[in-house]
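Structure first, then comments.
As the structure is a computational prediction, the values presented were derived from the model and not from experiment. First the proteins, then the strands, lettered A, B, ... as listed; each starts at 1.
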Amino acid sequence: MPRKMRYMLDAKDLACERGERRLFSDISLALKPGGFARLLGANGSGKTSLLRILAGLTRPAAGEVLWRGEKLGDIAEGYGREMLYLGHAPAVKDELSVAENLMFSARLSGIAASNDQCRMALEALGIGNLAPLSARVLSQGQRRRAALARLALAVPLPLWLLDEPFAALDENAISRVRALAEAHLARGGMLVLTSHQEVPIAAGNTQTVNLGV
Amino acid sequence: MFSNLFNFASPQAFYPVAGRMISWFGWSAALLGVAGLYIAFFVAPTDATQGESYRIIFIHVPAAWMSMFLYLVMAGWAGLGLVLNTRLSGMMASALAPTGAMFTVVALVTGLLWGKPTWGTYWVWDARLTSELFLLFLYLGFMALKEAIDDPQRADRAGAILALVGVVNIPIIYFSVQWWNTLHQGASVSLTRAPSMAATMLAGMLVMALAAWMYSIAVSLARVRAIIVAREQDAAWVRSGTR
Amino acid sequence: MTAAIVLVLRRDLLVALRRKGDALNVLIFFVIVASLFPLGTGAEPGQLRAIAAGVIWVGALLAALLSLPRLFAADLADGTLEQMVVSAQPLPAVVVAKIAAHWLTTGLPLALIAPLLGLQYGLPGDALLVLLGAVLLGTPVLSLIGAAGAALTLGVRGAAVLTGLLVLPLFVPALVFGAGAVTASLSGIAPGPHLSLLGALLAVSLPLGLWATCAALRVALD
Amino acid sequence: MGQERDTVNWGGVSEFIAMGGYGAFVWGSYGVTALCIGVEVWLLARGKANP
């Protein structure tokens, strides 16, 4: 049994280097169910790098990230079963249709979604009608919505790590994403996001991590 | 926490230590080199069949040994860097590669210049020479990969993976070329059958190999210092003027 | 584990199906390369037969090399690669599936068309069969080692040429045993040992290529 | 019949350079090696990490 866990996600004294430059150091962040953290900082301050460290993609120069008390390195895809990471690039394949993309991404996270569940998820982002279309024809905003449709299916995943989820979205889409995020937090899920837009998200406890200039 | 396991692993601590060792290894290389040359030209007798041209063996064979040995050492350092994530190990691997490639070129060129008087043609598709050529390509691939990747840490780790794949493949390549050589040409033309190994010849080659080893250590230490400076360019301690 | 492999394999084959041009172009490239040599070396039957195995095999190496960027570069660009690395599916399974998809869309077609080129070079019946067997056994090695090269050079300047510089020396054993099998059967020697050595090479390349590709992907996405 | 000597007697510098007719190849080899080592040391002396 891993040692007593006060936190589900526990990142301690993280530091990150790009090339020889040190982006940030001594950054800590801990989340309990229902916890929400917002990463602030100027462009290039390392917000995305910090999120990628939390997702287990980037190796921190110092410090470590624990999930349920265990190091990320030791649990590998076990972590992937409980965490959703959406990066800058909307992970949408041009050759596949919108529905096929969503089906595949959901299965990647271990969620076996049926056709109509996928359709409902796309509806939640207001692009239900685009389901059969090839992703090639989507606009940038629609592409972002197609990527964010995964949030509607990611109910079983307790931890969401979202990089600029509101980028390239119109008002309507932003309110939809915000609703999904707030529902997730209400269910006891945890959310870490980076964003330049000031989009208030109702949450039990809100932390901000400021990476400064 | 591993890096203070042996504090030499941190580039800053290793920099002055390397500086002190360079001259020691440099001088021992020079002395051993002179001794080797003396054996090569004044002690080793004239060969009955090849006359004097076989004296090239005192450069060709040690260089070939060093080219193989340095790739192993390079892969060792690189593998260490990958496992322990110590930056110095990756730098040591980068420091060794050019010297290893240099010895491979020396082995190839001396192989050509030895082939001409002995078999009448410069390039001999002999198993060892051909494998040596592909070893050179492995070195060039390693250096090209590290050069192409900007982020030093990614370059070190990518280079390490390539070096480890390479070190597994060297015996396989050598065996397959050996197999290919026996299939196509028969073993008539081969550098491997050196003239009868008089004791002095073996001694000469070993001394030259030792000299080459000392030389490689000295040169690699000097190069690792240059790499440390280049990489730690913006690190504070470099600007504070410690040399 | 196998569910993950099937998931990614089906997706990659679907993508390949939707972009039939890619696999076809590699095949056409292979045929053109093999058809160029006689224009250079002259079409004297005895000579053609002697160089057939070497030419066809080097053509297969270059064709496989040409198709390597397709393995990861597109997925890196649209962000799907990092989703696979950070997903609930084990990375080795993802990599096995992608390499299998690459082999099915490149190695297998090359193997099926190689005997046709063998005919063009005047290879007798049994040599054609050995050629088919050798290329079938050898091309997975090219995909495995090639995948490691493609992952190492992911997102790097001049990646296509650099990949060639890294992997072509590592293709030497496959070339020697593969072409050697055909040459052996031509001169009446049983190709058995060559093919078994090729099989042994495949057995070594599987874990080595898999480890290297997974490690290289983690490094590239760091 | 020369008795067993411990050192080779070249009988003069010109014979040494001629190297039994193989001078070009032997001194070519040692020359290339010296050149490679010289270039490498020179590059490092100038503080360049070379390739």
Side-chain angles (χ1 to χ4, degrees), chain A residues 16-19 48-49 51-61 72-73 75-97 100-112 134-136 138 143-144 146-147 150 154 156-157 159 161 163, chain C residues 1-24 70-98 101 105 151 154-156 210-211 214-222:
Chain A
C16 176
E17 277 169 10
R18 268 284 159 257
T48 296
S49 298
L51 206 63
R52 288 173 72 89
I53 289 174
L54 295 177
L57 273 170
T58 300
R59 178 197 289 252
L72 290 194
I75 45 178
E77 67 269 8
Y79 188 45
R81 271 191 287 277
E82 299 192 283
M83 175 270 299
L84 176 73
Y85 166 76
L86 289 184
H88 272 302
V92 168
K93 204 75 195 160
D94 284 353
E95 291 80 11
L96 303 178
S97 75
E100 283 166 345
N101 267 300
L102 185 56
M103 189 82 76
F104 176 70
S105 319
R107 285 240 174 75
L108 263 188
S109 305
I111 300 163
S134 151
R136 191 190 320 280
L138 298 187
R143 199 178 280 272
R144 292 284 314 167
R150 290 180 66 183
L157 304 179
L159 176 63
L161 306 172
D163 198 346
Chain C
M1 182 71 168
T2 50
I5 294 176
V6 167
L7 170 70
V8 176
L9 183 58
R10 261 165 40 96
R11 177 258 195 186
D12 265 28
L13 291 178
L14 191 57
V15 167
L17 210 60
R18 303 261 170 89
R19 294 174 61 93
K20 273 191 279 299
D22 292 358
L24 211 56
R70 208 157 23 89
L71 254 170
F72 302 118
D75 287 351
L76 175 72
D78 55 33
T80 45
L81 186 59
E82 72 183 9
Q83 286 302 325
M84 289 192 237
V85 171
V86 88
S87 74
Q89 313 305 340
L91 185 55
V94 171
V95 168
V96 161
K98 290 198 80 64
T105 53
L154 204 49
V156 166
L210 257 186
W211 166 79
C214 288
L217 284 181
R218 286 208 186 286
V219 166
L221 290 171
D222 187 314

Closest contact, heavy atoms only, C/Met84 versus A/Leu108: CG-CD1, 3.8 Å
From OG1 (C/Thr80) to CZ (A/Phe104), nearest 0.5 Å: 7.5 Å
Residue selection (most heavy-atom pairs with chain A, distance under 4.5 Å) from C/Arg218, C/Arg19, C/Arg10, C/Arg11: C/Arg11
For A/Ala91 against C/Gly79, the heavy-atom pair lying closest together: CB-O, 3.6 Å
Against chain C, label A/Ile53 side chain, backbone, both or neither, depending on which of its atoms sit under 4.5 Å from a heavy atom there. neither
If I measure from the heavy atoms of chain A, does C/Ala4 come under 4.5 Å with its side chain, its backbone, both, or neither? neither
Is there a side chain to side chain contact (heavy atoms under 4.5 Å, CB included) between A/Glu100 and C/Arg18 once you walk through the steps? CA-CA 13 Å; A/Glu100 283 166 345; C/Arg18 303 261 170 89; 2.9 Å; yes
Is there a donor-acceptor contact under 3.5 Å from the side chain of C/Gln83 to the main chain of A/Tyr85? yes
Walk me through it: do A/Arg52 and C/Asp222 pass the test side chain to side chain contact (heavy atoms under 4.5 Å, CB included)? CA-CA 8 Å; A/Arg52 288 173 72 89; C/Asp222 187 314; over 6 Å; no
Return the option, out of A/Arg143, A/Met83, A/His88, A/Arg107, with the maximum number of heavy-atom pairs under 4.5 Å with chain C. A/Arg107
Of C/Leu91, C/Val85, C/Asp75, the largest count of non-hydrogen pairs under 4.5 angstrom with chain A goes to C/Asp75
One should read off an interatomic distance between C/Asp78 CG and A/Glu95 CD, to the nearest 0.5 angstrom, of 7.5 Å
Looking only at heavy atoms, which two atoms of A/Gly87 and C/Glu82 are closest? And how far apart? CA-OE2, 3.9 Å
Please determine, among A/Leu84, A/Val92, A/Asn101, A/Thr58, the option with the most heavy-atom pairs under 4.5 Å with chain C. A/Thr58
Work out which heavy atom in A/Gly110 is nearest to a heavy atom in C/Ala88; give both atom names and the distance. N-CB, 4.0 Å
In short, A/Ala55 meets C/Val86 closest at the heavy-atom pair O-CG2, 3.3 Å
